[in-house]
Amino acid sequence: MTDIFDELQWRGLVAQSTDEAALREALAEGPLTLYCGFDPTAPSLHFGNLVQLVVLRHFQRAGHRVICLVGGSTGLIGDPKPTSERVLKTKEQTAANVARIETLVQPFLDFDGDNPAILVDNLDWTASLTALDFLREVGKHFRVNQMIKKDAIATRLESNEGISYTEFSYQLLQGFDYLHLFREYGCTLQTGGSDQWGNLTAGVDLIHRAEGKAVHLLTTPLLTDAAGNKFGKSEGNAVWLSADMTSPYAFYQYFLNIEDASVASLLKVFTDRSPEEVAELERQVAEEPFRRAAQKTLAADITTLVHGAAATAAVQAASEALFGKGDLGGLDAQTLGDATSELPGAPVAVGTSVVDALVAVGLVDSRNSARRAIGEGGASLNNVKVTDPERVLGEDDFLHGTVAVIKRGRRNLAAARRA
RNA sequence: GGCAGGUUGUCCGAGCGGCCAAUGGAAACGGACUGUAAAUCCGUCGCGAGAGCUACGAAGGUUCGAAUCCUUCACCUGCCA
């Protein structure tokens with residue numbers, strides 16, 4: 001499988017593209033330049049952005065020139081969400097987010113070699129642009145009649161939320177990025193999530209009008225589980241790529257717990273596994289599901305990609321120790337220490353109630369729900385179910401005198417470290 | 001600027017003076033089952049041990065008593081200027 005388009009298609013990374021035949025041809029003719037934008041709406045990138053990074057990675061490895069754009073200016077405006085108006089971020093916040101994202105992106109692409117990826121910030125070419133010039137040079141090419149037909153805009157216009165002029169203008173800015181990169185770098189392909197289609201086409205139209213040239217788009221599908229829900233939420237929180245926002249342990253666990261029905265497709269999307277390897281893992285899911293070989297491979301591969309091999313090894317060992325059979329008391333101090341260091345936790349003093357410990361350690365967010373959890377039989381201490389709501393942590397509960405493992409539900413663990 | 005409608009818990013959405021911490025749905029969480037999966041069934045779902053406290057855009061007011069009535073403000077929507 002040498003054809004990049006075929007490969008992306010097999011991996012389930014192609015949702016929609018402009019003129020597929022023309023794009024295939026362009027890709028086959030030789031290296032082209034493409035870009036994908038990331039808006040600094042948060043101090044990190046998340047699961048959804050990971051899909052885009054993986055796509056860029058494939059393109060770079062196939063010999064194409066990749067531009068990674070961080071939206072220092074578009075982030076100040078805000079991409080219209082179909083549901084509601086965004087709250088504007090301050091310039092300082094946005095700049096800080098840009099800086100974080102620029103470093104975050106480094107491991108996914110090769111910025112040095114002989115086909116280096118390029119990192120750009122659209123603030124560089126929009127900051128000095130005056131409103132008048134922008135309206136004259138960019139705005140003149142846009143028809144409001146078309147702009148209001150885009151899904152996100154249309155939805156907002158119909159809702160009682162409305163839309164600000166600021167967000168309405170977003171597509172102009174993003175379109176201008178593509179035009180700029182087309183002029184500066186000869187960029188002729190933009191990739192992005194399928195929900196971005198409306199914004200992406202803005203650039204294609206703009207280039208067509210301003211330069212009379214046809215350029216390409218390629219979008220990735222929204223990844224959903226068997227029930228049609230978006231992936232990328234763990235415990236109601238986004239799965240972030242930054243270790244300080246989603247720990248490598250939580251990150252690994254998220255993928256380890258992917259439902260059977262979805263592992264194969266995620267393996268294709270996120271790992272470099274070949275069709276043969278994926279087929280073999282699928283077979284194992286069907287025949288020996290309890291081994292969860294596919295989930296383990298998926299979790300290990302992605303964690304390695306995002307956090308590196310060392311972090312993966314640590315997190316795998318911790319998972320083995322904490323979820324392996326046998327009671328925790330049997331673990332030696334070293335293993336226990338390493339394993340629990342991967343867990344979220346908090347210092348807890350001898351004599352603290354289990355209720356307070358559950359709260360302190362972050363497994364529940366109020367003492368009420370801690371009590372509820374115990375009442376439901378959903379809390380355990382060192383893998384032993386806690387039934388007495390008055391139970392207090394004693395000396396002996398801190399294994400090796402240092403840490404007690406608190407569990408809520410089947411798979412949420414935290415460490416109560418002796419204060 | 002005028003007129004009309006709207007703002008409820010994570011989300012959607014009832015309530016229209018006491019019986020409302022607030023119907024219903026979704027999400028989420030827990031238990032049973034299994035495999036740290038899915039489906040299914042059962043349960044929970046503001047804070048507080050409790051008395052109680054805090055909540056229905058914000059601030060005041062009327063009332064024994066307000067999410068429900070009045071006033072002002074903010075924001076949103078529509079129509080008219």
Side-chain angles (χ1 to χ4, degrees), chain A residues 80-88 153-168 224-238 249-267 281-282 284-300 303 315-326 328 339 342-343 352-356 358-359 362-380 383 385-392 405-414:
Chain A
K81 285 190 291 187
T83 46
S84 62
E85 183 85 12
R86 291 176 192 271
V87 177
L88 284 180
I153 307 287
T155 309
R156 288 281 292 280
L157 286 174
E158 283 161 23
S159 78
N160 56 7
E161 178 82 16
I163 184 167
S164 68
Y165 188 77
T166 306
E167 287 194 2
F168 181 60
T224 57
D225 64 19
N229 300 310
K230 266 196 281 190
F231 277 116
K233 290 275 190 234
S234 162
E235 295 277 299
N237 300 312
Y249 169 80
F251 188 85
Y252 176 84
Q253 285 284 324
Y254 176 77
F255 289 102
L256 188 66
N257 281 298
I258 293 295
E259 56 178 1
D260 291 0
S262 302
V263 218
S265 60
L266 293 193
L267 277 166
L281 287 165
E282 267 186 292
Q284 293 184 36
V285 169
E287 291 172 17
E288 316 173 290
F290 52 90
R291 291 194 194 286
R292 297 149 37 90
Q295 277 92 342
K296 285 180 180 170
T297 304
L298 175 70
T303 308
V315 131
Q316 277 175 315
S319 299
E320 283 298 318
L322 295 167
F323 285 101
K325 43 253 121 209
L328 293 168
E342 303 293 335
L343 298 177
T352 305
S353 67
V354 173
V355 167
D356 286 328
L358 275 162
V359 177
L363 285 178
V364 297
D365 42 32
S366 73
R367 313 181 78 227
N368 258 349
S369 42
R371 269 197 198 82
R372 199 179 298 136
I374 294 173
E376 287 168 333
S380 62
N383 273 350
K385 189 174 286 188
V386 175
T387 49
D388 176 10
E390 305 300 321
R391 175 82 148 88
V392 164
V405 176
I406 301 187
K407 177 150 81 168
R408 172 168 177 245
R410 202 84 182 92
R411 58 194 181 204
N412 302 302
L413 294 174

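Labels below follow one simple rule: chain letters A, B, ... track the order of the sequence lines, proteins then strands, and each chain is numbered from 1. Being a predicted model, the structure only gives us computed values, none of them experimental.
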Protein-nucleotides 32-34 of chain B N/O pairs closer than 3.5 Å?
| from | atom 1 | to | atom 2 | distance (Å) |
| --- | --- | --- | --- | --- |
| B:U34 | O4 | A:Arg410 | NE | 3.3 |

*Nearest whole angstrom, please: distance from the C1' of B:A37 to the CZ of A:Phe255.*
15 Å
_Could you check whether A:Ser369 and A:Ser366, counting side-chain N and O atoms only, form a donor-acceptor pair closer than 3.5 Å?_
yes
*asked:* Treating A:Glu342 as the side-chain partner and A:Val315 as the backbone partner, does any N or O pair qualify as donor plus acceptor under 3.5 Å?
replied: no
*What pair of heavy atoms forms the shortest contact from A:Ala321 to A:Ala339, and how long is it?*
CB-CB, 4.0 Å
*Is the backbone N or O of A:Val354 less than 3.5 Å from a side-chain atom of A:Arg391, with the two atoms forming a donor-acceptor pair by type?*
no
*Looking for any heavy atom pair under 4.0 Å, which part of the strands does A:Asn412 touch: base, sugar-phosphate only, or nothing?*
sugar-phosphate
*Considering only heavy atoms, which members of residues 284-294 of chain A lie under 4.0 Å from some atom of RNA chain B?*
A:Pro289, A:Phe290, A:Arg292
*Map A:Glu259 and A:Ala379 onto RNA chain B by nearest heavy atom, then report which one ends up closer to the 5' terminus.*
A:Ala379
*Determine the Euclidean distance between corresponding C1' atoms of B:C69 and B:C64; express it in Å to zero decimal places.*
16 Å
*Nearest nucleotide by nearest heavy atom, which residue falls closer to the 5' end of RNA chain B, A:Asp365 or A:Gln253?*
A:Gln253
*Pairwise C1' distance, B:C56 and B:C11 [rounded to whole Å]*: 15 Å
*Taking CD from A:Glu376 and P from B:C45, how many angstroms apart are they, rounded to a whole number?*
8 Å
*asked:* Please give me every residue in residues 367-374 of chain A whose heavy atoms get under 4.0 Å of an atom in RNA chain B, ordered by residue number.
replied: A:Arg367, A:Asn368, A:Arg371, A:Arg372
*Any idea which of B:C29, B:C47, B:A37 is nearest the A:Asp260 side chain?*
B:A37
*Output every pair passing side-chain hydrogen bond (donor to acceptor under 3.5 Å, both in side chains) with a member in residues 284-294 of chain A, not counting sequence neighbours, ordered by first then second residue.*
A:Glu280-A:Gln284, A:Arg283-A:Glu287, A:Glu288-A:Arg291
*Can you tell me which stems involve RNA chain B, if a stem is defined as three or more consecutive Watson-Crick or G-U wobble pairs, both distances under 3.5 Å?*
B:1-7 with B:74-80, B:10-12 with B:24-26, B:28-32 with B:40-44, B:57-61 with B:69-73
*Gap between atoms NZ and P, on A:Lys230 and B:A27 respectively (whole Å)*: 15 Å
*asked:* Rounded to the nearest 0.5 Å, what separates atom CG in A:Leu281 from atom OG1 in A:Thr297?
replied: 4.5 Å
_Please check: side-chain N/O of A:Tyr252 versus main-chain N/O of A:Gln316, any donor-acceptor pairing under 3.5 Å?_
no
_Pairwise P distance, B:U23 and B:A37 [rounded to whole Å]_ = 32 Å
_Distance, P atom - from B:C45 to B:G50, rounded to whole angstrom_ = 12 Å
*asked:* Whether the side chain of A:Glu259 engages the backbone of A:Asp225 through a donor-acceptor N/O pair (distance < 3.5 Å, no angle test) should be reported.
replied: no
*Base, sugar-phosphate, or nothing for A:Ile258, non-hydrogen atoms under 4.0 angstrom?*
sugar-phosphate
*Rounded to the nearest Å, what distance is computed from the CZ atom of residue A:Arg408 to the P atom of nucleotide B:G43?*
19 Å
*Whole angstrom is fine here: how far is it from CG in A:Leu256 over to C1' in B:G35?*
11 Å
*Are A:Asn229 and B:A26 close enough that a side-chain N or O sits under 4.0 Å from OP1 or OP2?*
no
*Are A:Asn412 and A:Lys407 side-chain neighbours, meaning at least one heavy-atom pair lies under 4.5 Å?*
no
*Do the charged groups of A:Arg156 and A:Glu167 touch, with an N to O distance under 4.0 Å?*
yes
*Do the side chains of A:Thr224 and A:Phe231 get nearer than 4.5 Å, heavy atoms only?*
no
*Could you tell me the separation between the CZ atom of A:Arg411 and the C1' atom of B:A28, rounded to a whole number of Å?*
12 Å
*Which whole-number value in Å describes the distance from A:Leu298 CG to B:A37 P?*
16 Å
*Nearest whole angstrom, please: distance from the P of B:G35 to the CD of A:Gln295.*
14 Å
*asked:* The criterion is salt bridge (Lys or Arg N to Asp or Glu O under 4.0 Å); which residues satisfy it with A:Arg410, sequence neighbours excluded?
replied: none
*Mind checking the C1' distance from B:U34 to B:A27? Whole angstroms is fine.*
24 Å
*Indicate whether any N or O donor in one side chain lies under 3.5 Å from an N or O acceptor in the other, for A:Ser319 and A:Gln253.*
yes
*Determine, step by step, whether A:Phe255 and A:Val263 satisfy the side-chain contact (heavy atoms from CB on, under 4.5 Å) criterion, reporting the C-alpha distance in whole Å, the side-chain angles of both residues, the deciding distance to 0.1 Å, and the verdict.*
CA-CA 9 Å; A:Phe255 289 102; A:Val263 218; over 6 Å; no
*Looking across every strand, which nucleic acid part, if any, lies under 4.0 Å from A:Ser262 by heavy atom: base, sugar-phosphate, or nothing?*
nothing
*How far does CG of A:Asn383 sit from CG of A:Leu322, to the nearest 0.5 angstrom?*
8.0 Å
